Each structure stands twice: as C-alpha cells, then as structure tokens.
Amino acid sequence: MPLKGRFVSGPIRLPADPKKLDFKRADIEVHGLEQAGPSFEGRIFLNNPNAELNTAPTRENGYAGSFHVYGYGIWPGDLEKESGRQAAKSDEVRAPIHKTVIATEAIRDAARKGQDVTVTIVPVYPGNPPRDASEALKLDDVKITIH
C-alpha cells in the first residue's frame, strides 16, 4: 500500500516452525517496479512501517538491504502527450522491472519475532543529505521467497 514517502506491504506469512528458519537463502522480491522515471535507491525495512527517509539503515531498525532503479527519465510516449494529447495516468507502471534483494539474516530475524512480516520500502534520491523520492516509487507487489 503506497503511503506518503514509502510503500508498506500487508502482512506476509512466513513458516511458523522454528526449525524451518534454517533456510539457505531468503529474498525480498519487488515486482512491477517502474523504471520509466528518475533513478533512486529503495531502502527495505522489515516490520518497521514507520521507516522514513531519515531512518538509519541498521539491523535494529529492521533494515534488510536496498535496490537501485536506474531510471531512464521521461517515458517516450509522454513527449507527444505533453504537446496536446491526453496524459497517461500517473500511477500507471509502463516499464516494469523486477528486483531481488538477498535478505537471509534480516528475514530470519523477523521470523524469530513472528510469523507475519511487513516490508517497507523507502525511496531515496542520492545526495548529501539524501532526498525523498516518493514520486518515483511505483510497484505492483512485494513477496518474500525462502529457498
């Protein structure tokens, strides 16, 4: 669910059996991520729906890793739409990509605390200080895959 400045997933159910925490690898998968726009970093936090731009990327804050979108700017079809044609819906994902973040230890930590995990993605433009990139973050779904 998109919130101002970030995306927060609904609860994602993990295996309940503590013996099943002995997995070799766990990934956070981001599906339908928009690439037709600016470049940005997506910082991923587990079980921290209040994470925001200034949240430190630490284990204590549920930080699981990050991905980068190397956007290619304005969608080519929008150039002619701006000159008089109807513009596309701003929430439409037109150049979807898939990102996988290996987050084995962070997912293990979250699973030890409970069976349901939320994933928060905070979009950040690089710089000093970093800037909010919420207008750049568009995606379809987030999943956790355990191998």
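Starting from 1, each residue takes its place in the sequence as its number. Note that this is a predicted model, so its numbers are computed, not measured.
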Minimum heavy-atom separation for [X] and [Y], please, with both atom names.
{"X": "Pro57", "Y": "Phe45", "result": "CA-CE2, 4.1 Å"}
{"X": "Leu33", "Y": "Val30", "result": "CD1-CG1, 4.1 Å"}
{"X": "Ala136", "Y": "Tyr125", "result": "CB-OH, 3.8 Å"}
{"X": "Pro123", "Y": "Phe40", "result": "CB-CD1, 3.9 Å"}
{"X": "Ile28", "Y": "Ala103", "result": "CD1-CB, 3.8 Å"}
{"X": "Ile102", "Y": "Arg25", "result": "CG1-NH2, 3.5 Å"}

Requested in this report: State, yes or no, whether a side-chain contact exists between Ile144 and Asp27 at a heavy-atom distance under 4.5 Å.
Outcome: no

Requested in this report: Start with the C-alpha distance between Thr145 and His147, add both sets of side-chain angles, then the distance that settles side chain to side chain donor-acceptor pair (under 3.5 Å), and finish with yes or no.
Outcome: CA-CA 7 Å; Thr145 302; His147 305 273; 5.4 Å; no

Is a donor on one side and an acceptor on the other found under 3.5 Å between the side chain of [X] and the backbone of [Y]?
{"X": "Arg43", "Y": "Ala56", "value": "no"}
{"X": "Glu34", "Y": "Arg94", "value": "yes"}
{"X": "Gln35", "Y": "Tyr70", "value": "yes"}
{"X": "Thr118", "Y": "Gly10", "value": "no"}
{"X": "Arg108", "Y": "Phe23", "value": "yes"}
{"X": "Ser66", "Y": "Glu41", "value": "no"}
{"X": "Asp132", "Y": "Ser134", "value": "yes"}

[Y] reachable from [X] in the ILVMFWY side-chain graph, under 4.5 Å edges:
{"X": "Val122", "Y": "Val8", "result": "no"}
{"X": "Tyr63", "Y": "Ile44", "result": "no"}
{"X": "Leu53", "Y": "Ile121", "result": "no"}
{"X": "Leu137", "Y": "Leu46", "result": "yes"}

Separation of [Y] [atom2] from [X] [atom1] (nearest 0.5 Å):
{"X": "Arg6", "Y": "Glu52", "atom1": "CZ", "atom2": "CD", "value": "7.0 Å"}
{"X": "Thr55", "Y": "Asn61", "atom1": "OG1", "atom2": "CG", "value": "6.0 Å"}
{"X": "Leu139", "Y": "Ile97", "atom1": "CG", "atom2": "CD1", "value": "10.5 Å"}

Report task. Could you give me the CA-CA distance, side-chain angles and deciding distance for Val117 and Ile107, then say whether side-chain contact (heavy atoms from CB on, under 4.5 Å) is met? Result -> CA-CA 8 Å; Val117 174; Ile107 292 171; over 6 Å; no

Query raised in the report: Which residues pass the ring-ring contact (aromatic ring centres under 6.0 Å, His included) test with His68, sequence neighbours left out?
Result: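 Checked His68 against ring-ring contact (aromatic ring centres under 6.0 Å, His included); zero matches.
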
